[in-house]
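Computation of the quantities below employed the complete heavy-atom set of this structure, encompassing side-chain atoms and omitting hydrogens, waters and symmetry-equivalent molecules. Read the numbers this way: they start at 1 and go in the same order the structure lists the ligands and their atoms. Quick caveat, the model's predicted, so the values are computed rather than measured.
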Amino acid sequence: MLAYATKQITGNLVGMNDLDNEEIDDLLDRAEEFKHGAKAKLTEPVYVVNLFFENSTRTHTSFEMAERKLGLTILPFDPSRSSVTKGETLHDTLLTLGAIGANIAVIRHSQNRYYDDLIKGGDLSLGIVNAGDGSGEHPSQSLLDLMTIREEFGKFTGLRVLICGDIAHSRVARSNAEALGKLGAKVLFAGPREWFADDLANLGEYGQWDELLPTADVVMMLRVQHERGVGTTDFDPSEYSKQYGLTVQRAQRMKKGAIVMHPGPINRGVELASELVQAPCSRFVKQMQNGVFVRMAMLERICAERHLGGMK
Ligand code: CP
């Protein structure tokens with residue numbers, strides 16, 4: 001277990017450790033129901049605000065789509081035009097939004113575990129959904145990855161999931177390693193040794209990329225995160241691709257029936273060959289489609305826990 005893996009107070013969803021296996025299964029089942037046309041159970045207004053202090057395409061838009069499909073009312077919030085620019089803290093911003101009537105805050109922030117003090121303080125009226133914290137966790141990405149894997153294989157037990165690349169800075173790697181291990185999959189890590197995080201060693205086995213690749217059922221490629229200072233000096237994209245990228249040649253060595261995943265955004269030709277992004281073995285587009293449905297399930301769960309929208 002990660003040192004910081006402690007279940008947070010109900011009515012928030014900030015990390016995969018907030019969920020046991022049964023709760024994960026329930027969320028994935030509900031996401032599947034939404035995917036097949038189920039309607040939301042909300043009967044009264046619920047107000048949600050999306051606070052993205054880091055850039056995002058998938059997560060931000062996907063949460064917004066999920067909110068609209070559920071019938072939630074979205075309060076616009078742009079950090080660059082907010083009083084955060086005048087020095088207002090995240091706590092006071094949320095205090096304000098709660099006082100105005102927002103019920104749920106979906107937050108992406110560069111600070112690891114930005115939510116700890118907000119939740120422990122106990123004075124905020126909103127539910128917090130973590131849309132990614134620094135190199136900490138990314139629970140909605142993990143759930144959409146789990147949904148995609150479950151749709152493909154119908155199970156997690158016994159699957160070999162190989163996560164390759166910039167592991168140390170990846171909240172996706174952390175959330176997925178935590179969840180997949182709990183669900184019975186074997187987690188394997190590969191990539192530059194200096195980009196491996198020792199605190200992940202108890203969640204999976206680190207090994208040689210070319211040796212592990214043909215043994216994996218799921219090959220999860222990670223983006224080199226230049227915005228976190230990775231590979232900013234002496235980084236040669238073509239050399240990285242040669243050593244650690246999933247090239248077309250390498251993909252031919254994958255196990256029959258194995259799938260390729262990537263959380264996006266992709267550095268085409270670096271960690272993943274451009275030709276593989278929409279290849280038959282790739283689930284990149286499906287991951288993004290599934291993201292809307294798992295986010296609907298997450299938000300509906302928060303509403304139920306907080307008795308919002310007429311939910312008991
Ligand atoms: N996967 C992911 O979090 O992508 P965005 O940064 O575009 O939201």
Rounded distance (nearest 0.5 Å) linking atom CD of Glu54 with atom CD of Gln111: 11.0 Å

Closest approach of any protein heavy atom to atom 2 (C) of ligand 1, naming residue and atom: Thr59 OG1, 3.5 Å

Asp133/Arg113 ion pair, N-O < 4.0 Å: no

Atom indices of ligand 1 within 4.0 angstrom of Thr57 heavy atoms, with elements: 5 (P), 7 (O), 8 (O)

Presence of salt bridge, Arg150 and Asp29, under 4.0 angstrom: yes

Distance from atom 1 (N) of ligand 1 to nearest protein heavy atom, with residue and atom: Pro263 O, 2.8 Å

Residue and atom name of the nearest protein heavy atom (relative to atom 4 (O) of ligand 1), distance in Å to one decimal: Arg58 NE, 3.0 Å

Cationic tip of Arg295 above Phe63 ring, under 6.0 Å, 45° of axis: yes

Heavy-atom gap Glu54 to ligand 1 smaller than 4.0 Å: no

Main-chain N/O of Ser135 paired to Ser170 side chain as donor or acceptor, under 3.5 Å: no

Reference residue Glu67; test side chain to side chain contact (heavy atoms under 4.5 Å, CB included); the match among Val49, Val48, Val46: Val48

Proximity flag Gly264 to ligand 1, non-hydrogen atoms under 4.0 Å: yes

His138 neighbourhood, listing ligand 1 atoms whose heavy-atom distance to it stays under 4.0 Å: 2 (C), 3 (O)

Plane angle bin for His262 and Phe284 - parallel if under 30°, tilted between 30 and 60°, otherwise perpendicular: perpendicular

Closest protein heavy atom (residue, atom, distance) for atom 6 (O) of ligand 1: Arg108 NH1, 2.9 Å

Geometric N/O contact Gln141 with ligand 1, under 3.5 angstrom: yes

